[in-house]
2 protein chains.
Amino acid sequence: MPRSDRYHHGDLHATLLQEANQLLNEQGVEGLSLRKLAERAGVSRTAPYHHFRDKNALLCALATRAFSQLDEMINRQLRKGGSKEAIQDFVREYLRFATENPEQYELMFGRTLWKGGEPTDELKSVAYRSFRHYAEQLGGMLQGRLPANTDALRVAQASWATVHGLCRLLIDGIYVNREDMEAVSEQSVALIMAALSHSED
Amino acid sequence: MPRSDRYHHGDLHATLLQEANQLLNEQGVEGLSLRKLAERAGVSRTAPYHHFRDKNALLCALATRAFSQLDEMINRQLRKGGSKEAIQDFVREYLRFATENPEQYELMFGRTLWKGGEPTDELKSVAYRSFRHYAEQLGGMLQGRLPANTDALRVAQASWATVHGLCRLLIDGIYVNREDMEAVSEQSVALIMAALSHSED
DNA sequence: GGGTTATTTTGACAGTGTCAAGATTATTGA
DNA sequence: TCAATAATCTTGACACTGTCAAAATAACCC
């Protein structure tokens, strides 16, 4: 129970994560400073260091939570099967996930964590789990429908790259506008579906 | 002619760009500070401000130069036609361009310029030109080979997203490793080719 | 040569992440 | 119950960042 005039905050760990998330959505990663964050939580500049080893650890915690949501969404969507409609739904949901929380998506996949500061083991684990679930589900749907010499893993990687690349271009506003979203999305699904099988749909 | 003990540097503009490029390749955007840069050029901290309005302007200049190279590469590759081999070559070259200068590629397409600091008009112009050339060449190759209800622009956007997404995943080391590069590249080409025409190849 | 302009410098300011040492409270063990 | 230990939080400090203002120096032009 966090009271305001106490020396100990009460639940600073959770408060920090919550405020950090809000700050991230409002100003992006570059606007998220530990000092601003501490002030919002009503605490001194170095207090957060007793709950997160450093800034990188805090960001990794944020990203980890976000990957859990993504994983949940993937499992929910791909349970619907491999019809063109299901795939279309999945792509739509993925695009929604990315474009409705662009700062969060950029944090999840951006270089801030994956290049600059080393990603936490926990983050790597949950990030890979998301992809593994995607690849597994896709592999199941593709059973026997794949052309010869085609690895399901490669299809998973290539198709993820397609949707992911689309998100990046959309979010940063390069080459693809918000208005084009639906049309390009459909085209991307056509790309994926066409490669899935040279047999009929 | 830049001499060392002169008050005026002589050719600071060019020197800054050159050293900035090197610093970028060595340490990435986050390691590129104006102060380090000034020191490397043998000049005081604020000297660069008389050649670039601010840090953003300098980075935009770097990216602009890089986009020119990319544009040149695109035109060179796509002149080879629309055969599967030509497309494969193009994708290979694009991946090479991105993975051999990862920091440069991240600067070109990353949020640092497109979200954080406003991109220069010059940068926007050359960036869009690259894509326009790609779309035009692709459109030419696809003349009459496209299924009904398929816009060439959408194919250009979707296919670019595929290759671009692949580069991002590769560079940051997410989901796709360097060793998978060739295999995923081929799979991506298969994706693109399959969508290009439902007629035979 | 003198005045204008371009270039460079020093000084300063606010902001950042994070370390060290001390202050305060919670928790635990005897 | 109460002292010892651990957890939590604070103040102070340091090095680093981008950038502004004002002054110094050099080049250029008529």
Side-chain angles (χ1 to χ4, degrees), chain A residues 1-20 23-24 26-63 107 111-113 115-120, chain B residues 1-20 23-24 26-63 107 111-113 115-120:
Chain A
M1 42 208 67
R3 290 236 94 66
S4 75
D5 51 348
R6 296 273 267 278
Y7 188 86
H8 282 59
H9 180 282
D11 195 12
L12 188 52
H13 190 93
T15 303
L16 284 174
L17 279 179
Q18 185 182 324
E19 293 286 341
L23 208 47
L24 177 70
E26 290 171 8
Q27 315 197 25
V29 215
E30 45 276 334
L32 202 173
S33 84
L34 286 187
R35 293 169 111 108
K36 274 191 224 156
L37 191 55
E39 196 181 22
R40 283 209 184 192
V43 98
S44 88
R45 299 130 256 160
T46 58
Y49 283 86
H50 294 102
H51 298 271
F52 299 95
R53 205 167 55 73
D54 53 13
K55 187 180 185 179
N56 179 65
L58 198 165
L59 295 181
C60 283
L62 277 187
L107 179 66
R111 70 184 282 106
T112 309
L113 298 182
K115 173 70 200 310
E118 298 290 85
T120 308
Chain B
M1 42 208 67
R3 288 237 95 67
S4 74
D5 51 347
R6 297 272 268 276
Y7 189 87
H8 282 57
H9 179 282
D11 196 12
L12 189 51
H13 190 93
T15 303
L16 284 175
L17 279 180
Q18 185 182 324
E19 292 286 342
L23 207 46
L24 177 71
E26 291 172 7
Q27 315 197 29
V29 215
E30 47 275 333
L32 202 173
S33 84
L34 287 186
R35 294 169 110 107
K36 272 191 225 157
L37 190 57
E39 196 183 21
R40 284 209 184 191
V43 97
S44 87
R45 300 132 259 157
T46 58
Y49 282 87
H50 295 98
H51 298 271
F52 299 95
R53 204 167 54 74
D54 52 14
K55 187 180 184 180
N56 179 65
L58 198 166
L59 295 181
C60 283
L62 277 187
L107 179 66
R111 70 184 282 105
T112 308
L113 298 182
K115 172 71 199 311
E118 299 290 86
T120 309

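Numbered from 1 within each chain, the chains take letters A, B, ... in sequence-line order.
- Look at CZ on B/Phe52: it is 14 Å from C1' on C/dT7, rounded to the nearest Å.
- In this entry the distance linking CG of B/Asp11 with P of C/dT7 reads 11 Å, nearest Å.
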Please table the atom pairs, donor to acceptor, closer than 3.5 Å between any side-chain atom in residues 45-52 of chain A and protein atoms at least two apart or in another chain.
none

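- Between the CG atom of A/Leu23 and the P atom of C/dG15 there is a distance of 15 Å, rounded to whole Å.
- Here the side chains of A/Leu37 and A/Leu58 are in contact, with some heavy-atom distance below 4.5 Å.
- To the nearest 0.5 Å, atom CG of residue B/Asp11 and atom CG of residue B/Leu17 are 9.5 Å apart.
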**OP:** Evaluate the side chain to side chain contact (heavy atoms under 4.5 Å, CB included) criterion for residues B/Leu107 and B/Leu32: first the C-alpha distance (whole Å), next the side-chain angles of each, then the deciding distance (0.1 Å), finally the verdict.
**Re:** CA-CA 11 Å; B/Leu107 179 66; B/Leu32 202 173; over 6 Å; no
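- Taking side-chain N and O atoms only, A/His51 has no distance below 4.0 Å to OP1 or OP2 of D/dA7.
- Residues in residues 26-35 of chain A take part in these salt bridge (charged side-chain N to carboxylate O under 4.0 Å, His left out) pairs, two or more places apart or across chains: A/Glu26-A/Arg40, A/Glu30-B/Arg111.
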Original post:
What string of B, S and - do you get for nucleotides 11-20 of chain D, 5' to 3', when a contact is any protein heavy atom under 4.0 Å?
Top reply: BBB---BBBB
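- By the side chain to side chain donor-acceptor pair (under 3.5 Å) test, A/Gln27 is found to be paired with A/Lys36, residues two or more places apart in sequence or in another chain being considered.
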